[in-house]
Amino acid sequence: MANAFWCIVEDDRKGAPKKVMAEVIGEAARLSGGDVEAVWLTDTASDEGLGQLAGWGATKVWLLENAAFAPYRGEVWTPVVAELVAQHAPKAVFAPVTSKMREFAARLAARLGAGLSADSVGMTMDGDQLVATRPVYAGKLLAKMTWAKTPWIATLRPNVFKPADAQAGKTPQVEKPAVTIPDAAMKLVERREEASTGLPELTEAETVISGGRGMKGPENYVILENMAQVIGAAVGASRAAVDAGWRPHRFQIGQTGRTISPKLYLGFGVSGAIQHLAGMRTSKVIVAVNKDPDAPIFKIADYGIVGDLFEVVPALTEEFKKLLEK
Ligand SMILES: Cc1cc2nc3c(=O)[nH]c(=O)nc-3n(C[C@H](O)[C@H](O)[C@H](O)COP(=O)(O)OP(=O)(O)OC[C@H]3O[C@@H](n4cnc5c(N)ncnc54)[C@H](O)[C@@H]3O)c2cc1C
């Protein structure tokens with residue numbers, strides 16, 4: 001429907017939307033008064049996944065199910081969604097901040113000549129105009145911005161917006177529009193699934209443990225992983241640790257890595273450089289463990305322990321085990 005708020009679905013590639021979509025759809029519903037539609041480009045959708053989108057508040061799902069949509073390739077997705085936008089004139093197009101959606105939203109905005117609020121952390125309606133808040137200067141300042149014309153395109157930072165309450169037993173109206181799918185410039189050669197660690201994904205986790213240069217080497221991350229298993233956390237890293245080759249880049253938190261906003265962030269041997277803070281400063285509770293009492297991370301930490309992480313981590317893990325009776 002014209003003037004609806006569209007939410008582009010990030011999924012798990014197994015037929016279900018990721019839980020961050022509850023936040024994106026919830027916020028779109030709050031702003032639009034419930035006029036929310038989901039747009040799902042996928043190679044596999046499931047009835048459960050469609051039900052989930054409806055349960056979160058999507059009144060309609062534009063379902064584009066085709067092998068060409070996975071893996072994501074910008075040159076395939078962008079013209080398809082741009083065509084749909086031109087036909088149906090949504091008022092807004094929202095997506096969660098993920099590696100894929102960061103790129104996609106920018107491409108879509110460029111294609112449509114529309115404005116983009118990337119990495120939004122706040123949204124409000126001022127009369128009939130949307131105003132977004134987003135961090136600038138690596139999170140040092142928050143800027144308010146608005147759009148000269150519709151569609152209002154925005155990516156929303158995970159774990160910031162209130163998720164919609166899931167309502168069971170809902171089925172959306174599903175529309176399968178006929179679209180022209182362009183050829184991909186990139187072809188999929190092989191897909192290898194990463195062996196699951198059993199730990200949550202970094203940007204989805206409610207608790208994140210981060211290890212910096214103070215970890216001293218890749219072999220020591222096992223103590224953080226042990227703690228993560230006990231409290232159900234994801235394990236991330238600073239750029240210094242990533243640059244040293246101790247952790248893959250997808251675990252990097254910060255300006256040139258992932259942006260996280262968990263309920264609890266625990267930093268071990270991380271100094272708190274501004275570029276690291278840019279990726280985690282909106283965490284609800286920040287705990288820092290560092291042997292240097294003057295480490296900048298203590299300036300933003302809610303709780304701090306000045307001490308040697310190699311003593312503190314095992315001691316905390318034991319306490320967590322006792323508290324959680326594991
Ligand atoms: C353009 C640009 C982009 C960048 N992007 C990012 C980014 O996305 N993410 C990011 O993280 N950084 C980024 N950086 C790098 C950033 O400036 C810092 O260099 C980096 O964050 C430092 O990582 P660190 O805190 O692990 O290391 P350090 O700054 O070296 O800090 C290590 C800390 O560990 C403590 N320590 C040492 N041993 C122990 C111990 N046994 N117990 C307890 N504490 C101990 C030390 O006291 C120290 O405070 C970027 C830099 C630039 C210029």
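Counting convention: from 1, in listed order, for ligands and their atoms alike. The first residue in the sequence is number 1, and the count goes up from there.
- Between the Ser46 side chain and the Gly49 main chain, a donor and an acceptor come within less than 3.5 Å of each other.
- The shortest contact between atom 22 (C) of ligand 1 and any protein heavy atom is with Ala240 CB, 3.9 Å.
- Under 4.0 Å from ligand 1, not a single heavy atom of Phe268 appears.
- For atom 19 (O) of ligand 1, no protein heavy-atom neighbour is present inside the 4.0 Å cut-off.
- Between Trp6 and His88, the ring planes are tilted. Angles from 30° to 60° get that label.
- Taking atom 1 (C) of ligand 1 as the reference point, the nearest protein heavy-atom neighbour is Arg239 NH1, 4.3 Å.
- Look at Gly257 and you'll find a heavy atom under 4.0 Å from some atom of ligand 1.
- The protein heavy-atom contact nearest to atom 47 (O) of ligand 1 is Asn290 OD1, 2.7 Å.
- Those atoms of ligand 1 with a heavy atom of Gly307 less than 4.0 angstrom away are 42 (N), 43 (C).
- From the protein, the heavy atom lying nearest to atom 17 (O) of ligand 1 is Gln275 OE1, 2.7 Å.
- Numbered from 1 in the order shown, with element, the atoms of ligand 1 that lie under 4.0 Å from a heavy atom of Lys216 read 37 (C), 38 (N), 39 (C), 41 (N).
- Shown in contact with Val270 at under 4.0 Å from a heavy atom are these atoms of ligand 1, numbered in order with element: 25 (O).
- With Arg102 as the fixed residue, the side chain to side chain donor-acceptor pair (under 3.5 Å) test singles out one of Thr259, Asp119, Thr155: Thr259.
- Residue-ligand proximity, Ala273 to ligand 1, at heavy-atom distances under 4.0 Å covers atoms 16 (C), 17 (O), 18 (C), 21 (O).
- Which parts of ligand 1 touch Phe310 is read off a 4.0 Å heavy-atom cut-off, strictly below it: atoms 41 (N).
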